Amino acid sequence: MAKQISILIVDDEETVRDSLYNWFLEDGYHVECAENAKQALAMMESGHFDIVLADIKMPGMDGLEMLRRIKSLKRDTMVIVMTAFATVNTAVKALKDGAFDYVTKPFDPDDLSHLIRNASKQIVLQEENETLKDHISSLERVEDLVGRSEAMQKVFREIENVAPTNSSVIITGESGTGKELVARAIHANSPRKFYPLVSVHCGALSESLLESELFGHEKGAFTGAMYNRKGRFEMADSGTIFLDEIATISTKMQIELLRVIETKTFVRVGGNKEITSDFRVVCATNKDLKTLVDQGAFREDLYYRLNVVNIHIPPLRERIEDIPLLADYFINKYCTTMNRPLLTIDQAVLDRLALYPFPGNIRELENMIERAIVVGNGKKIMLRDLPFGKEILDNDIESLDEFEKAFIQQILNKYSWNISRTAKALKVDRVTLYNKIKKYDLKPSDQQI
Amino acid sequence: MDQPDQKHITILSFGYFDKDFLDKLAHPVRFELKTDVSIREAHLDLSEYFDPSRRQYNGNRLLKTVDEMAPPDSLKTIGLFQVDLFIPILTYIFGQAYLNGRSGIVSLYRLLNERYGMAHDENLLFERTIKEVIHELGHTFGLIHCHDPSCVMRSGTYVEDIDQKDAHLCSVCREKAGLK
């Protein structure tokens, strides 16, 4: 036996106590005895017992009252009540009050052995369950969410505040900022964490597919519906549903969604039975939903229903202080995955990354680091291992001005010297671009003329 | 009858037992527990231990009495009975002993095949008795129930359980009892 189970015997009859004491001792249990409920409760306050075997009829406080007190004192303790044949009804009441089981005295030796063995198994399973829950919690800490910047610290605080509630959340942020990770963190830190987190990428599905995906369908609901299928709302019962790219859903689906979120009931496609599901909604979008509401592209009532809490994730270019930390994190992640020795990163690379606007945000940084680990062959990630600005890096640029000049030249060439498109790509206005062209005396290269 | 010495096990028989049956018991017990075995007849008025409401004999009280009757020069003592034993909480017992103590009791009553509607089998009864005697003596040596299916210290609540195990201690129990 891996764990020694402790048993407390509570009976006013000495012979019963002694008999059980010897019996369990021979089975290798840790056994103690109490002659009444008061003594037993005092022993339970100072010590731990996995199983309490108690007589129902005792002078003073009876076994039922003791059971109720034990359950309020130590909920996990398994109480087995012993009763005479005439008091089976009382034993049934004890079961309703939370007793694990009951035995009628005198009992068959095999019944007693089985009962205690079952209780012991249950205790071991409960403990395993707790251990596994802790393990899952540690796995679900969502380690990919990395950031020391004030902006990310604010996001972490918001996650911490909103996670334990049932409120709907909208996560906003540019593509690649980690909206799904924030959704996972909210779920993992909520009381719903032991139930599913069901993700739906609304943008990837047509209206009819999304309807079937969300609500499920009955066999024969449409061509190809060969079997009944549970929808995502049904699968998310007691858990969280994460609706990514919520801004892309059609007006019809917006109405459906609003109704389901308000009533928590729905009907499968092709079905007529109303299904109830207790889910929490977390949405994400890279669009400005308020603007879409103003433009009439997104229903205002749904917007307010979803937007109880808004968590905005800043783009990477607005928190460049997180880049070294993120780079280290991804180096660690990919070196471990690829079974490579841990690499370091050259300071020049970090300096260069800090200047890069990262339109693809963290996802882009992650890809860059993964690529650098694959293509690089040293112990350090160098500038040459990075995928961007190859043309610039080939030159011996030493100042920021030289870098800006080379970079603008490159983008101008890319857009065939179309000033409007280049200015848009660089996120500057045309006048600024003209001034830069003039400042750096930029000219179309031969190929562009 | 074996001659007692300073460190021996005593089997006290209460009621009628075939002499050959008792003599044959000594050898396997001696072999298993590496201790000399002495077999003696003893007498008790068992009616004092009879519980009319259960029509059985009180095992707790009998164990206490055997413990009091144990010869002072005996290391461990087992009382052998032919009556149906019970303890207050259980419907029946095959035997019981003081864990890490000096005494134990075993009854042949529920070891008999006839109790289960089958023909008498002397060899089977003998095997079951040896196993129960060694089992209870094992408890007096401080051994608790063992999970090894073949170990004699495996808990047995039905005669079929007793038939399943061997009359020997497993190596773990042997070591725990200091018999290696």
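The sequence lines fix the lettering, A, B, ..., with proteins before strands; numbering per chain opens at 1. Predicted, not measured: the structure shown is a model, and the values here were computed from it.
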Chain A contact via R61(B) - side chain, backbone, both or neither, heavy atoms under 4.5 Å
neither

Taking 4.0 angstrom as the limit, do R192(A) and D278(A) come out as a salt bridge?
yes

Region of I89(B) in contact with chain A, defined by heavy-atom distances below 4.5 Å:
both

In terms of heavy-atom proximity below 4.5 Å to chain B, should S19(A) be classed as side chain, backbone, both, or neither?
both

Does K76(B) reach the main-chain N or O of I11(B) with its side chain, forming a donor-acceptor pair under 3.5 Å?
no

Exam field: side chain D161(B) to backbone Y158(B), donor-acceptor pair closer than 3.5 Å
yes

N/O donor-acceptor pair under 3.5 Å between D27(A) side chain and Y29(A) backbone
no

Show the numbers, then the answer: is there a salt bridge (charged side-chain N to carboxylate O under 4.0 Å, His left out) between K24(B) and D20(B)?
CA-CA 6 Å; K24(B) 269 187 357 189; D20(B) 288 345; over 6 Å; no

For F86(B), which atoms come within 4.5 Å of any heavy atom of chain A: side chain, backbone, both, or neither?
neither

Residues of residues 44-53 of chain B with a heavy atom under 4.5 Å from any heavy atom of chain A, in residue-number order, are none

Under 3.5 Å donor-acceptor, H187(A) side chain and Y195(A) backbone:
yes

Under 3.5 Å, is there a donor-acceptor pair between the side chain of N22(A) and the main chain of D18(A)?
yes

Once you round to the nearest 0.5 Å, how far does OG1 of T157(B) lie from NE2 of H114(A)?
7.5 Å

Using only non-hydrogen atoms and a strict under-4.5 angstrom cutoff, which residues of residues 119-145 of chain B touch chain A?
E136(B), H139(B), I144(B), H145(B)

Are R68(A) and E65(A) within salt-bridge range, i.e. N to O under 4.0 Å?
yes

Is chain B contacted by the side chain of L20(A), its backbone, both, or neither, given a heavy-atom distance below 4.5 Å?
both

Run the salt bridge (charged side-chain N to carboxylate O under 4.0 Å, His left out) test on D84(B) and R55(B) for me, step by step, so that the C-alpha distance in whole Å, both residues' side-chain angles and the decisive distance to 0.1 Å come before the verdict.
CA-CA 8 Å; D84(B) 194 12; R55(B) 304 167 86 174; over 6 Å; no

Can you confirm whether the side chains of S6(A) and D50(A) place a donor and an acceptor under 3.5 Å from each other?
yes

Hey, is the main chain of R110(B) close enough, under 3.5 Å, to the side chain of Y116(B) for a donor-acceptor pair?
yes

